*Asks:* 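First the structure, then my questions, so here it is.
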Amino acid sequence: MPPSKLKAALLASLMLAGSASQTHAADPAPMSPAVPGGISERQALVRANRLLAKMTLEEKVGQISQRFDIASLFPTGTPTPPGMPPLTPLDEPVRKGELGALLFVHDPEVANKYQHLAVELTRLHIPLLLGYDVVFGMRTMFPVPIANAASFDPAGVVANQTVAAREARALGIHWTFAPMIDIARDPRWGRIVEGAGEDPYLGAAMARAQVQGFQGPYIGAPGHIIAGPKHFVGYGAATGGRDYDPAYISDAELHNVYLPPFKAAIDAGAGNIMSAYMDLNDVPASANKTMLTDILRGELGFKGWVVTDASAVHNLVKQGFATNKADAAARSLMAGVDMEMSMAPNAFATLIASVRAGKVPMKRIDEAVRRVLVAKVRMGLFENPYVDVAAAKTVLDDPANLAAAQAAAERSLVLLKNNGAVLPLTPGAQKRVAVIGPLADAAGDTTLSLAFPQDAAKAVTVARGIRERLDGIATVETTPGVQIARLYPSPITMMLGTVKRWSADQANSELQKAVDLANQSDVVVMVLGEKLDMSSEQASRSDLTLPGDQRKLLDAVLAAGKPVVLVLMNGRPLDLTGVHDKVPAILEAWVPGSRGGTAVARALFGDTNPGGKLPMTWPRSVGQIPTYYAHNLSHSPEGQNTRYWDAPATPLYPFGFGLSYTSFTIAPPVLDKPELAPGGKITVSTSVTNTGQRAGDEVVQLYIHQRAGRASRPVRLLQGFQRANLAPGETRTISFTLDEANIRYWNATERGWVIDPGTFDLWLGNSSGADKHTTFVVGGAPRPAR
Ligand code: BGC
């Protein structure tokens with residue numbers, strides 16, 4: 001269709017949108033659009049069932065098929081990049097009703113085009129669900145999830161994902177493949193950046209907050225989208241940290257470590273779940289009935305629909321599990337997958353023949369379709385399938401979005417070292433400031449992109465942030481010093497075109513330039529770490545040192561003898577051997593997002609005070625991996641720190657650690673009663689005081705340990721945290737409530753949740769090394785728990 005005709009058709013369909021339900025005889029009883037509280041699942045079910053009764057098998061299979069709209073990822077007219085399927089839009093399959101959902105559409109006009117084809121031109125006028133990887137921002141990029149976890153601030157995370165949802169919804173997106181809530185204890189794994197780190201309690205808090213932010217008060221709330229927590233389940237346990245490799249997880253570990261964030265997300269109402277790629281205990285996660293049906297639905301009570309990860313059904317053949325794509329589709333569906341996401345034409349199309357051959361029951365197809373239709377009804381798509389193109393701009397241009405991104409970046413900074421209180425720097429005290437490193441002025445690396453539409457060029461780099469902060473009071477110069485790159489380029493880099501590598505001569509002269517700049521400066525801010533393609537999917541590492549020649553650069557700059565502070569930008573803990581001991585101050589900025597440089601500059605110059613804490617145990621070297629604070633005791637706990645004879649077994653920084661420009665004291669815990677009776681509660685109170693000269697945030701953390709029981713339990717477990725902002729001299733009373741949910745655990749012998757009576761240790765403090773100790777007793781008999 002020529003563009004003018006297409007526009008006219010869209011306009012007509014937009015005008016029809018309000019009355020679409022009247023025009024569609026197949027759907028006689030429309031719901032009233034998003035009433036307060038939304039359309040309930042029961043109401044939606046009535047409508048879904050009515051529709052289902054009219055559907056052909058082909059239409060049903062279409063509804064449970066989702067395809068990549070690859071064309072949406074590239075500017076119109078881009079030739080197909082090598083190794084990619086053709087960039088042909090999916091108009092035809094949509095018009096024929098072969099697809100119920102698409103991913104990657106993020107242009108409101110394209111969204112409306114596709115909806116027009118689905119709503120006006122298919123027999124039953126069923127709108128499409130449009131999904132996208134809105135993981136930590138849509139246009140406005142927030143700090144990466146590991147950074148958000150470092151904020152220990154769930155309310156802030158709700159706020160971030162509310163902005164992300166609003167931007168996405170304005171572009172016509174209904175559903176996000178997020179949050180990524182895989183627990184990860186191996187920093188070699190690239191996707192550790194997308195999650196909340198190693199701890200199930202913190203992971204659950206972040207999962208809950210993200211679902212609330214994305215979905216708002218109910219599914220279908222204006223300006224919100226459906227959350228699709230992923231990847232169910234155990235993807236973070238990839239062997240050797242190698243992305244996609246199999247995971248082997250015991251039943252106890254699965255329940256006690258990997259499932260809690262999913263439980264929290266489901267309890268928070270997540271509408272969708274994405275199944276993972278990898279083999280879990282020898283069965284691919286996207287065809288794993290134990291996980292997708294018995295546990296996800298049976299134990300966790302999930303009611304929404306399950307989508308596979310991209311092309312995971314096709315992959316079942318490659319994984320040596322299914323004989324062909326029909327076998328793969330049937331077994332994945334029967335295991336509990338409701339919708340197939342695919343890059344290639346859907347394997348689920350084979351379900352038509354499988355049903356006809358009696359190999360797959362229609363009942364199971366109906367169940368899957370019903371779940372998808374319920375989501376569409378609850379999102380109000382039958383009443384309002386289209387997006388208001390003009391309004392999108394207003395939402396995306398709202399300056400509040402960037403302000404929120406800046407606040408989020410500020411909350412996620414972690415001060416790892418500050419010897420001699422070298423930070424904060426006094427603005428203007430040093431007249432010549434050098435900002436050196438391959439990430440110092442790299443806008444694209446200041447935000448991490450999982451997909452493409454954010455405007456990386458608009459990100460504020462650290463160099464720019466400092467320049468703006470010192471405008472008129474100091475000169476700020478920047479140079480990269482070295483160039484860093486992956487040994488094996490990432491698929492994204494290959495698609496976008498690889499950057500030309502410096503020649504040996506150029507590398508020498510760039511390094512010299514950095515040294516000269518350091519020599520001419522009064523202070524040097526080094527910005528080192530990992531580029532955007534060095535973490536996330538297909539970005540695992542075997543070594544955690546600073547990539548490339550960054551250590552050489554640091555040493556050369558340090559030799560200039562000027563004061564140096566180090567800002568790290570990275571998606572995972574790094575091996576800081578030969579770095580940590582040489583610089584007096586280290587600020588962990590993660591991948592800080594659109595306003596990252598502003599946030600970093602404000603912290604370096606004391607406008608704000610870093611208050612984030614590490615959501616990961618930070619190893620000294622790759623040889624310590626996996627290392628996490630919640631390990632079990634052994635028969636020789638006194639030897640814990642010297643388990644290796646060639647290096648300390650202690651981490652470089654413990655989980656929960658982070659410094660501040662001020663100092664705090666945390667008072668010993670006071671319990672309202674010494675015993676947690678069956679069904680009872682204990683209130684733990686303390687106070688936290690800012691004993692220094694600056695305002696700042698402290699995260700008060702509560703850890704417990706079961707001394708004895710039917711299983712050995714971790715030496716410490718986080719079971720509460722609160723972040724408090726305190727003026728100098730201010731004291732705040734803080735209380736935590738403990739109940740049976742905090743002490744229950746999954747017992748592999750009992751194959752269920754249990755509570756063991758006896759003595760528990762309790763510590764309060766500002767890291768997993770918390771030292772304000774008391775005990776409490778769990779009363780009653782050994783019992784099952786819910
Ligand atoms: C990733 C998912 C992502 C999907 C769609 C997959 O390769 O594993 O996390 O949601 O692609 O982009």
Side-chain angles (χ1 to χ4, degrees), residues 65-74 83-85 90 99 101-106 129-138 144-146 161 164 168 173-184 189-196 207 210 214 225-238 241-247 261-262 265 270-280 284-286 305-316 318-319 337 339-344 346 448-454 490-492 494-495 533 535-540 571:
S65 302
Q66 178 181 38
R67 273 277 292 281
F68 270 57
D69 182 42
I70 302 176
S72 272
L73 291 179
F74 297 90
M84 294 281 292
L90 297 170
L99 296 172
L102 298 177
L103 68 156
F104 291 148
V105 176
H106 61 273
L129 264 176
L130 301 178
Y132 206 94
D133 286 288
V134 189
V135 182
F136 43 93
M138 185 66 208
V144 288
I146 192 95
Q161 300 300 33
I173 292 161
H174 313 121
W175 156 35
T176 173
F177 315 126
M180 204 232 48
I181 56 177
D182 296 313
I183 295 295
W189 189 50
R191 300 196 78 168
I192 202 163
V193 67
E194 293 176 60
Q210 296 190 76
F214 285 131
I225 56 180
I226 295 176
K230 65 188 185 186
H231 306 80
F232 198 77
V233 57
Y235 184 24
R242 294 180 294 271
D243 204 11
Y244 307 154
D245 271 7
F262 284 96
N272 169 256
I273 291 279
M274 182 188 288
S275 63
Y277 283 129
M278 81 301 148
D279 282 5
L280 173 59
S286 287
W305 88 104
V306 174
V307 70
T308 61
D309 202 336
S311 298
V313 177
H314 287 282
N315 294 349
L316 295 176
K318 294 197 227 166
Q319 277 168 264
V337 161
M339 179 185 272
E340 181 202 17
M341 176 195 288
S342 183
M343 212 190 244
N346 293 76
L448 182 86
S449 166
L450 295 182
F452 302 87
Q454 45 112 353
S490 81
I492 292 194
M494 288 195 290
M495 270 191 267
D533 63 355
S535 59
S536 189
E537 193 169 354
Q538 296 185 30
S540 295

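Everything numeric in this text was worked out from a predicted model, so none of it was measured. Counting starts at 1 for both ligands and their atoms, in listed order.
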*Asks:* State which residues pass ring pair (Phe, Tyr, Trp, His ring centres under 6.0 Å) with His174; sequence neighbours excluded, sorted by chain then number.
*Replies:* none
*Asks:* List, pair by pair, the atoms of ligand 1 and of the protein that are both N or O and lie under 3.5 Å apart, giving the separation rounded to 0.1 Å.
*Replies:*
unit_1: ligand 1; atom_1: 7 (O); unit_2: Tyr277; atom_2: OH; d: 2.9
unit_1: ligand 1; atom_1: 7 (O); unit_2: Glu537; atom_2: OE1; d: 3.0
unit_1: ligand 1; atom_1: 7 (O); unit_2: Glu537; atom_2: OE2; d: 2.7
unit_1: ligand 1; atom_1: 8 (O); unit_2: Arg191; atom_2: NH1; d: 2.7
unit_1: ligand 1; atom_1: 8 (O); unit_2: Asp309; atom_2: OD1; d: 3.3
unit_1: ligand 1; atom_1: 8 (O); unit_2: Asp309; atom_2: OD2; d: 2.6
unit_1: ligand 1; atom_1: 9 (O); unit_2: Arg191; atom_2: NH2; d: 2.8
unit_1: ligand 1; atom_1: 9 (O); unit_2: Lys230; atom_2: NZ; d: 2.8
unit_1: ligand 1; atom_1: 9 (O); unit_2: His231; atom_2: NE2; d: 2.7
unit_1: ligand 1; atom_1: 10 (O); unit_2: Asp133; atom_2: OD1; d: 2.6
unit_1: ligand 1; atom_1: 10 (O); unit_2: Lys230; atom_2: NZ; d: 3.0
unit_1: ligand 1; atom_1: 12 (O); unit_2: Asp133; atom_2: OD2; d: 2.4

*Asks:* Evaluate Glu194 against Ser536 for side-chain hydrogen bond (donor to acceptor under 3.5 Å, both in side chains), listing each step before the verdict.
*Replies:* CA-CA 7 Å; Glu194 293 176 60; Ser536 189; 3.0 Å; yes
*Asks:* How are the rings of Phe262 and Phe232 set to each other: parallel, tilted or perpendicular (split at 30° and 60°)?
*Replies:* perpendicular
*Asks:* Name all residues meeting the side chain to side chain donor-acceptor pair (under 3.5 Å) criterion together with Asp69; count only those two or more places apart in sequence or in a different chain, and write none if there are none.
*Replies:* Ser72, Tyr114
*Asks:* Taking ring pair (Phe, Tyr, Trp, His ring centres under 6.0 Å) as the definition, give me every residue that meets it alongside Trp175, ordered by chain and number, with sequence neighbours left out.
*Replies:* Phe177, Trp305
*Asks:* Gln319 side chain to Tyr277 main-chain N or O, any donor-acceptor pair under 3.5 Å?
*Replies:* yes
